[in-house]
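One structure is given here, and the rest of the page talks about it.
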Amino acid sequence: MLNTTEFRKLAHRVVDWIADYLENVEHYPVKSPAKPREIFKSLPDEMPANGEDFTNIWNDFHQIILTGITHWQSPNFFAYFPANSSYESVLAEMLTAALGVQCMIWETSPAAAELEEKMMNWLKKACGLPETWSGVIQDTASSATLCALLSAREKLSHFQINEKGFEGFTNLRVYASIQTHSSIEKDVKIAGIGKENLVQVPCDEEFTIRTDLLEKFIEADLQEGKKPLCIVATLGTTSSTAFDDLEKLAQIAEKYGVWLHVDAAYAGTAFLLPEYRHYLKGIEKADSYVFNPHKWMFVNFDCSAYFVKEKQWLIRTFEISPEYLKTANDSLVNNYRDWGVPLGRRFRALKLWFVMRSWGLRGLQKRLREHIQLAQELARKISAHPDFEIMAPTNLNLICFRYKPASITDKTLLNTLNEQLLHTLNNTGKVYLSQTKLNEEYTLRMVVAQTYVLQKHVWRAWELIQEIAKNLQLRYLE
Ligand SMILES: *Cc1c(COP(=O)(O)O)cnc(C)c1O
C-alpha cells in the first residue's frame, strides 16, 4: 500500500509518462496486435496474498497491458467514431478520481449537481437547442435513449406500466430507419416493448428515413389497433452520417401524437457550428435529444448529454424517495438520481467545464471546422481517383469509400477485395479504419476527427491506402 510520500513521487512519474505517451502516441501500432486470450494468459490466476511493489505493477502495465491497448488517442485512428480526449479532460478526470465523490443527490456534492445543470445549459445554448429544455449527463447514448423510451412509455400509459406492468399496453410501436443505431433495438428490448415492435423503415438513396413509408406504417399500425409510441430520428447515422429529415419527422410525430426522440450521438457536436444547424430544423417539436461530448468534443469517455423538453416525464418515470435518501432541499435542487437508471453517479461535469473554458466556443469551432475541411479535401481526392469510389455523401467528416478498379466488376469479389484492403491496412499498425455495409456493398469508413489529427496524418493514410490497394489488385490479376 502506498503512503502520501510515495503517492506524490509516483504521481509525478505517471503524469510525466502520460505527457510522453500523448506526445508520441502516433508511433504506437494503432490497433492492438494482441491475439485472443494472450493478455488473459499472461496474468496470474489469483490476486497476490501480499502487496506488491509498485515498480512491478508499473512494469507490467508497460509489458502486458500496453501491448493489448488500441490507441484511440492516436492521430492515425480513423475507425468507428472517435472517443476523443484532451489535456484538460485528463486533468479533470484526475481530480474527479481524487475527490472520489458519488453524485447521486444534490446533498452528496452540491457543486457537482449545480455545475452539471450549468454545463448542460452552456451546451444547450452553444448548440442552438431550445432554451426551455433541461439537460442531464448520462453515461452513454444507449442509456439516454433507454430513458427516452421509458419516459414515452410512462407518458402514454399514464404511469400504469410502472405501476402494474404491461396489461392493456401491448403492441407499443417504435419507429426508426434501417440505418438506426443498434442501441435502439437493445433499448426497445430492455424497455419491454419487444424487438418485433421496432419498425425499421427503409431509407432513400442518401440513407435517410423514407418519411412517406413511415407514415404508411403508422397508419397500418393504427388500423390494426397497435399503439404508436415513439419515433427515433437519427442526425448523423453511424454507418455514413446521414441526417434524417427532422422537420418532416416532427410534423409526423405531432400529427400522430407520438414521442420524438433524436439520436445525434456523434454529429450533435457539429451543432456548435451555426452552418450545420439547418439539420436541427423542427427540433422544438422533439421530446428528447442525445449527443455524446465523449465522441467528438474532446471530453473523454464517458459523457453523454441528454436533453428533454419536459423534465416531468423523465423524473416521474424514475423517481424514488426512500426515507434514507430524503433531504430538506429536495424541492429546491436537482437530485439527478431521478433523471436516469443508476442511483450512483460519477462527477462528469468537471471535465466538460475544463474543456469548454480552456478551449472556448471559438477554439472548439476552429478544431471541428479543421476536421471537416480535412475530410472534405480527402473525399474530393478519393472521388477524383479513377480506382476509388465514394459510397455515401460526406456530410461531415466521415468518408465512406471503396476500392473499385475498372478491371474488377464482380460484386462478391469487390467485397472480398475491400475486406482484405481493410485488414491489410489495419495490420500495418500505421492506421486504423473500420467498415460498414451500404446496399450490401463492403465499405471502408474513415473518420477524420481525432483530437490530434493533422493534414500529414490524413495524407499519409491516403498514400498507404492507394499503395496497398494497388498491390492487392496486382495479386488478384495474377
Ligand atoms: C455511437 C452511437 C450510439 C451509441 O453511443 P453510446 O454512447 O456508446 O451508447 C448511438 N447512436 C449513434 C448514432 C451513435 O453514433
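Each ligand, and each atom within it, is numbered from 1 in the order the structure gives. Note: hydrogens, waters and symmetry copies are ignored here, and every other heavy atom, side chains too, is used. Since this is a predicted model, take the numbers as computed values, not measurements.
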Can you report which non-hydrogen protein atom sits closest to [atom], along with the distance?
| atom | value |
| --- | --- |
| atom 4 (C) of ligand 1 | H181 CE1, 3.4 Å |
| atom 7 (O) of ligand 1 | A141 N, 2.7 Å |
| atom 14 (C) of ligand 1 | K295 NZ, 2.9 Å |
| atom 11 (N) of ligand 1 | D263 OD2, 2.6 Å |

For Y21 and H71, take the angle between the two ring planes, folded into 0 to 90°, and tell me which bin it lands in: parallel under 30, tilted 30 to 60, perpendicular over 60. tilted
Using a strict cut-off of 4.0 Å, indicate which atoms of ligand 1 neighbour a heavy atom of [X].
| X | value |
| --- | --- |
| A265 | 2 (C), 3 (C), 10 (C), 11 (N), 12 (C), 14 (C), 15 (O) |
| N292 | 5 (O), 6 (P), 7 (O) |
| T140 | 6 (P), 7 (O), 9 (O) |
| T238 | 12 (C), 13 (C), 14 (C), 15 (O) |
| F81 | 15 (O) |
| G236 | 13 (C) |
| H294 | 7 (O) |
| S183 | 10 (C) |

Are N162 and R316 close enough that a side-chain donor and a side-chain acceptor fall under 3.5 Å? no
Any side-chain donor-acceptor pair under 3.5 Å between T237 and H181? no
Testing Q73, E26, H371, H457 for side chain to side chain donor-acceptor pair (under 3.5 Å) with Q450, which one passes? Q73
CD/E275: more than 12 non-hydrogen atoms of other groups inside 6.0 Å: yes
Non-hydrogen atoms of T237 versus ligand 1: any pair closer than 4.0 Å? no
Would you tell me which option among S304, S142, G268 has the nearest heavy-atom contact to atom 9 (O) of ligand 1? S142
Could you check M119 against E116 for side-chain contact (heavy atoms from CB on, under 4.5 Å), going step by step and ending with a plain yes or no? CA-CA 5 Å; M119 289 306 98; E116 180 162 340; 5.9 Å; no
Could you walk me through whether L66 and F61 pass the side-chain contact (heavy atoms from CB on, under 4.5 Å) check? CA-CA 6 Å; L66 269 184; F61 169 75; 4.2 Å; yes
Quick check: F81 with Y266 (ring centres under 6.0 Å apart)? yes
Would K381 count as a cation-pi partner of W459, with NZ or CZ less than 6.0 Å from the six-membered ring centre and within 45° of the ring normal? yes
